[in-house]
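Just so it is clear, the structure is predicted and the values come from calculations on it, not from any experiment. Only this structure's heavy atoms are used, side chains among them; waters, hydrogens and symmetry mates stay out. Every number for a ligand or one of its atoms is a count from 1 in the order of the listing.
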Amino acid sequence: MDSTKIRQSFLDFFRARGHAVVPSSSLIPDDPSVLLTTAGMQQFKKYYTDPAMADRDFNSRNTCSIQKSFRTSDIDEVGDERHLTFFEMMGNFSFGGYFKEDAIRYAHEYLTRVLGLTISYVTVFEGADAIGVPKDEESKKIWRSIDPNISIREEGIDDVFWGPTGTSGPCGPTTEIYCQNGAGQDIEVWNIVFNQYFFPGSREELLSGTSGKNLQPLETPGVDTGMGLERLAMCVQKTKTIFETDLFAPLFGMLPTEMKTGKKRICLDHIRAITFLISDGLRPSNKERDYILRKLIRRVIAIQYLEVRKKVEMRGGPLSDGVNFLQRLLEKTVALYGANYTNLDLAIIKGIFREEDAKFTRILAKGITKLQCLEQIDAKAAFGLYQSGGLPFEAIKDLAPEKTKHLKREDFDLELKKHQEISRAGQERKFGGHGLLLDTGELKAADERELKIVTRLHTATHLLQASLRKVLGPNVRQQGSDITSERTRFDFTFGRKMTPDEIRAVEDYVNDAIRRDCVVEYEEMPYEEAVKTDALRFFREKYPAQVKVYSARDHKTGEILTKEFCGGPHVTHTGEIGRFRIAKEESSAAGIRRIRGVVE
Ligand code: SER
């Protein structure tokens, strides 16, 4: 069975059993306390504590999905037979619809009947006094009733107790299913979580037991299951590694033969992850999740350089077409996945990749010269190379394996942390002594006069975003904004230059909203509540638990023209803005446009 058929059979199986099929959510999660989407349950987190909402949203208490997922925790593992950063996670979920009995029966039936697999063994929770959760006798009994001969292993909290994800959430014991791959190894294919509890803190707090917080039983217990498509395909297609399944095999053959296998695997994993991360709106930079994207891009470029470009140069040969295999891998990845994921835009992906490639290739050339001057590279030296030259840790390791023999990631991270603390202290001093009346990071004003103008520009910026989405479509997303008393500068995702007509239409929309003198007001509410409203939010921002949602409402018709998460300040009526004009529209980076707007 190829991967397309596996995906289809999974969704068909659960659809036939009353599950609503829900599309994958973005890799950029709603939950601000987690960086990227790591599990299928993330988009469903709220339904475990409020199952009635599932009736409203899905017309069912049971759902299934194939979720784009990304696990930074596995980055260092990539290169072996079965670890990945990006993967597709198939899962079925229930918010009070069914519990252990059905969840286990479904999983058994799907694996053995639909896919024809043999289960090697299963695990169940052995219980843990530390958190006051008993052994999961019930799951054991259910497994035995299905197959009296099944091998059951009892395991502890590290392996078979899920959650909470982020700063709080549902959690509970799990049962895992292991099947054999083509190399005869037992692979964990399915993790079935029984969300019986809610914990008002993080997993670390739960395990440390020192937070004073307690596990609370969930009113309605729920089910959350996750099965990595790639690992399952390895068992179904009887391959020895995930890279020999049909999900990767067509790409594997495109890599230069002289490359080492581990490096080939890293390239395939990273290129696929890059494709999806860019498509969900990330852009390489040194901030948080964008940094993850930049790291992946730089890693594959360093590999390409070391494994191929450098060798060709050393041989004195011309840089053949073969060195551009990364671009071709991007093309092939989009071709392979485009049918299932319609938001993959090859032109944008290639453009962003190329831009970062150009930047990093220059850095690489300088970095290599510096590396050659060093005898040994310890954490301090490595951090220096990173700091001044932009060489990531992995690239330093790859570039000078001998000189970095003793270099450990922990020590490097420690240097990084020290530096961050120093620079944070510096920032505070800088802004403290700056004399700005307002500095929210986004808005800056030196005095009362400037404050009035940036406030007008700020409300105009909200209207501008709403207007862009009206004129250019809902794919327009804020990428950043910067407001001074001179102008607002607004970056947003859009693939081409705007036409003069579009610019005029956007200005007209904003000015019409100003003419209607809409009431600008805000409501303060818990973040969880706010995400349920359809208010726009800036995905890159980390929001506090309590947020403000600002809206502009036409007081005659009641129509809401914009609604956004925002800290303010804003004008009270849009009439105060004056006249809005787009002074400039230009490219900011690949796939991102920049507008400068003024109020007159
Ligand atoms: N949340 C669990 C996991 O990711 C099951 O989906 O393994």
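- For atom 6 (O) of ligand 1, the nearest non-hydrogen atom of the protein is Asp224 OD1, 2.6 Å.
- Under a cut-off of 6.0 angstrom, the local environment of CD in Glu244 is crowded, with over 12 non-hydrogen atoms contributed by other residues, nucleotides or ligands.
- By the 30° and 60° cut-offs, the orientation of the rings of Phe393 relative to Phe412 is tilted.
- Residue contacts with ligand 1 include Met89, since one of its heavy atoms falls under 4.0 Å from the ligand.
- Shown in contact with Arg71 at under 4.0 Å from a heavy atom are these atoms of ligand 1, numbered in order with element: 3 (C), 4 (O).
- Within a 6.0 Å sphere centred on NZ of Lys5, heavy atoms belonging to other residues, nucleotides or ligands number 12 at most.
- Using a 4.0 Å heavy-atom cutoff, Met90 is absent from the residues neighbouring ligand 1.
- A cation-pi arrangement is present between Arg153 and Tyr121, with the terminal nitrogen or guanidinium carbon under 6.0 Å from the aromatic centre and inside a 45° cone about the axis.
- Here the heavy atom of the protein found nearest to atom 3 (C) of ligand 1 is Trp162 CZ3, 3.4 Å.
- Remark: ligand 1 atoms within the under-4.0 Å shell around heavy atoms of Val193 are 2 (C), 5 (C).
- The cationic group of Lys68 does not satisfy the cation-pi geometry with Phe276, failing either the under 6.0 Å distance to the six-membered ring centre or the 45° limit from the ring axis.
- Close approach of ligand 1 to Gly226 is summarised as follows: ligand atoms under 4.0 Å from at least one heavy atom of the residue are 5 (C), 6 (O).
- Looking at Asp269, Asp398, Asp76 one by one, the single match for salt bridge (Lys or Arg N to Asp or Glu O under 4.0 Å) with Arg299 turns out to be Asp398.
- Ring centroids of Phe87 and Phe70 are separated by 6.0 Å or more, keeping the two rings apart.
- Contacts between Thr38 and ligand 1 below 4.0 angstrom, taking non-hydrogen atoms only, are absent altogether.
- Short contacts between ligand 1 and Asn191, defined as distances under 4.0 Å to a heavy atom of the residue, involve ligand atoms 2 (C), 3 (C), 5 (C), 7 (O).
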